[in-house]
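So the structure is just underneath, and the comments pick up after that.
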Amino acid sequence: MSQETLSNLLHENRRFEPPADLAANANVKADAYDEAERDYVAFWEKAAERLTWETKWDRALDWDDPPFAKWYVGGTLNAAYNCVDRHVENGNGDRVAYHWIGEPEGDSRDITYAELKDIVCQAANALTDLGVKKGDRVAIYMPMIPETVVAMLACARLGAPHTVVFGGFSSTALRDRVQDCDARIVITADGGYRRGAPAALKPAVDEALESCPDVRNVLVVRRTGQDLGEGGWTDVRDVWWHDAVDGASKDHTPEAFDSEHPLYVMYTSGTTGKPKGILHTTAGYLVGCAWTHWAVFDLKDDDVFWTAADIGWVTGHSYIVYGPLANGTTSVMYEGTPDTPHKGRWWEIIQDYKITLLYCAPTVIRTFMKWGADIPQKFDLSTLRIIGSVGEPINPEAYIWYRETIGGGRTPVVDTWWQTETGMHMISPLPGVTAGKPGSAMKALPGVSAVVVDDEGNAVKPGSGGYLVITEPWPAMLRTIWGDDERYRETYWSRFEGMYFAGDGAKLDEDGDIWLLGRVDDVMNVSGHRLSTTEIESALVSHPSVAEAAVVGANDADTGQAVNAFVILRESALTDGEPEEGIVDELRNHVSKEIGPIAKPKAILVVAELPKTRSGKIMRRLLRDIAEKREVGDVTTLADSTVMDKIKEGIAAGSDED
Ligand code: PRX
């Protein structure tokens, strides 16, 4: 598309109506909104019929003790049975569950539902042999390989809540999560392939477990065959997956668990330094994922679905694993990066596997835009029907590029707003019913009540902005923060009486459609990944050279936001008042080691002072002005109004910026 056409499209304030063929056959029709509005609980009862229950619930929702919800009270079911066995029993055992594609070219595996059932049963038996019982927590720290899904499902089958820790996180992050949920077993791999080379995982597990004496066993998948090195194997603790799982029995009877039995804990960053363990339970979560996956992607039997995200994030949990499997879908799962071995890898995958539904994050779309439209144009992408976006606001330019260049101008874009906490899509167009506008997530899904409110919690009028809240419980909502009910109440339910506060700013346009404006708290969104400013500040001050640190998320054309840090060094790190050579690099690497490469600051500025109010609160707003290279805003509430000038002079001197 020419530059001119692109800008025309952008300036027209576009609105894309659902394509007629899609509208005619849509899974969900327009009346779903009214139906759900009349009785949202009844709506979710109907949605629950997508699952197979051992015992039907006797009460759909118990909201007697808010904010602690119970859904499908009295019901029992097994999540793994719903994701796997029942499809085999229904005669779909030969259907491919995953076309798995490794990063090294030619390295691929197709796994049918029947095969998946066998391996999940074997893994469940192997975990039982290792002493895993209902309620025990199991940590999973894996690359993007089929065994990761198998491990999750085996845990679900046994009623052992899993906590998947993103493989890109550091050993420190893994240790904190293992300790917080008191996991006794860790499932990992020797490594995975990333950017054309094996990347080790097992050494990080070993390091983490030095401080986790209660972990009994580590189950290790051999993926890369790397040499584990001296001390890289602990005989009494470490067990090879192929030794424990491959020979195990394929018979395993799933037990039905209570609807509210914990399914998993997923850690996510909040406004404090300590990540929160978001608890999802079995039935409500599975209903929410299954229904939204079916509705938002207008799922048909012959669709081939690809969520290009990591299983270590909630997007992977809900839309690589639980939603698609509950619906008996054929999915693609890809291990590596988009540019390995060439920048057309994704488009080649779409062409080869005839993918019909693609789901990814705006940050990667912007990267593809930068690489140029000529790369995807070399491939046949005509099978795509609907394309989705998740993780951060999608800028209109990226939306239109995605729709035109990848979707050939015919595919609706579903911009889905949701969170680790919500478990499922909450705000998104329904592609056969709702129009799409570049940059807007449009409407709350049927059964979800999203409202934009002002400071006092009153709904704003069309044309105004405020805070996004959810006013009624929904099935896949988090139930609590693991081990900390009070923090759950305080974080989500205290800002506005009786409402779930998502932490996002939003506005309603004149049509009443919702536009997400980003976080209003100290949470950043870097490449669709959620990072806490406080967590990165804590990592920085844990370095012996740092006296104080302030971190802000500054707008960034590629990654949405980027981590910008301002640090005051200790005397010992200064020579004649100047920072030690190499200190900035050292600090960036230190953050990477403490949290993970995704948290590595893009820029670190060494300063002599930080802007603070009289009560000692750091004014991050002013630092953001600096990081975004803007005129600095109002400084009248600073304890020392000259601080900003000093910081600016420091930058002008030019020696400190990384
Ligand atoms: O700020 C919102 C942003 O991502 C946050 C949730 O992050 P996380 O729990 O890591 O889950 C990401 C994947 C679901 C939200 O508070 N966000 C997510 N999707 C969108 C979004 N912002 C705007 N538009 C979206 N579609």
Side-chain angles (χ1 to χ4, degrees), residues 164-166 168-169 264-271 275-280 285 288-289 292-293 296 307-320 322-323 359-365 387-396 398-399 402 413-429 436-445 448 450 452 467-470 476-478 481 491-492 495 500-507 513-533 535 553 555 559-561 596 598-599:
V164 180
V165 180
F166 171 54
F169 273 137
Y264 71 82
V265 178
M266 159 127 284
Y267 285 85
T268 188
S269 296
T271 51
K276 300 174 289 198
I278 303 300
L279 174 67
H280 284 293
Y285 174 77
C289 291
T292 51
H293 177 243
V296 169
T307 291
D310 195 283
I311 288 185
W313 307 109
V314 76
T315 304
H317 278 50
S318 298
Y319 300 106
I320 297 177
Y322 288 108
Y359 192 34
C360 66
T363 186
V364 72
I365 299 168
I387 54 182
S389 169
V390 56
E392 53 179 317
I394 180 164
N395 46 311
Y399 181 111
Y402 190 32
V413 173
V414 285
D415 176 6
T416 60
W417 178 90
W418 60 296
Q419 307 179 294
T420 306
E421 291 87 341
T422 69
M424 64 180 213
H425 299 150
M426 301 290 278
I427 304 176
S428 164
K437 294 178 191 169
S440 167
M442 303 303 288
K443 285 164 80 126
L445 290 174
V448 172
V452 180
Y467 307 95
L468 181 70
V469 297
I470 312 292
M477 67 192 275
L478 76 166
I481 292 175
T491 309
Y492 303 106
R495 174 73 177 79
Y500 171 84
F501 174 46
D504 281 51
K507 69 167 193 203
D513 293 322
I514 303 174
W515 297 66
L516 278 311
L517 302 176
R519 303 287 306 194
V520 293
D521 52 11
D522 290 333
V523 171
M524 283 172 283
N525 193 325
V526 178
S527 297
H529 297 146
R530 200 161 139 180
L531 297 170
S532 146
T533 51
E535 206 180 340
N555 287 334
T559 55
Q561 287 188 308
I598 50 167

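We count ligands from 1, going down the list as the structure has it; atoms in each ligand are counted the same way. Hydrogens, waters and symmetry mates play no part in the numbers below; they use all other heavy atoms, side chains included.
Residue contact check for ligand 1: G391 places a non-hydrogen atom closer than 4.0 Å to it.
Nearest to atom 16 (O) of ligand 1 among the protein's heavy atoms is D504 OD1, 2.6 Å. Of all protein heavy atoms, the one closest to atom 13 (C) of ligand 1 is T315 OG1, 3.4 Å.
On a distance-only criterion, R519 and ligand 1 share at least one N/O pair closer than 3.5 Å. Polar contact check, T268 against ligand 1: no nitrogen or oxygen pair lies under 3.5 Å apart. Inclusion of T420 in the set of residues having an N or O under 3.5 Å from an N or O of ligand 1 is warranted.
Checked by atom type, the side-chain pair S318/Y285 shows a donor-acceptor distance below 3.5 Å. Using modelled atom types, one finds a donor on one side chain and an acceptor on the other under 3.5 Å when comparing T292 with Y319.
With a 4.0 Å cut-off on non-hydrogen atoms, N525 touches ligand 1 through its side chain and not its backbone. Both the backbone and the side chain of Q419 come within 4.0 Å of ligand 1, judged by heavy-atom distances. Contacts between L516 and ligand 1, counted as non-hydrogen atom pairs separated by less than 4.0 Å, involve the side chain only.
The heavy atom nearest to atom 20 (C) of ligand 1, out of those in M524, E392, M424, is found in E392.
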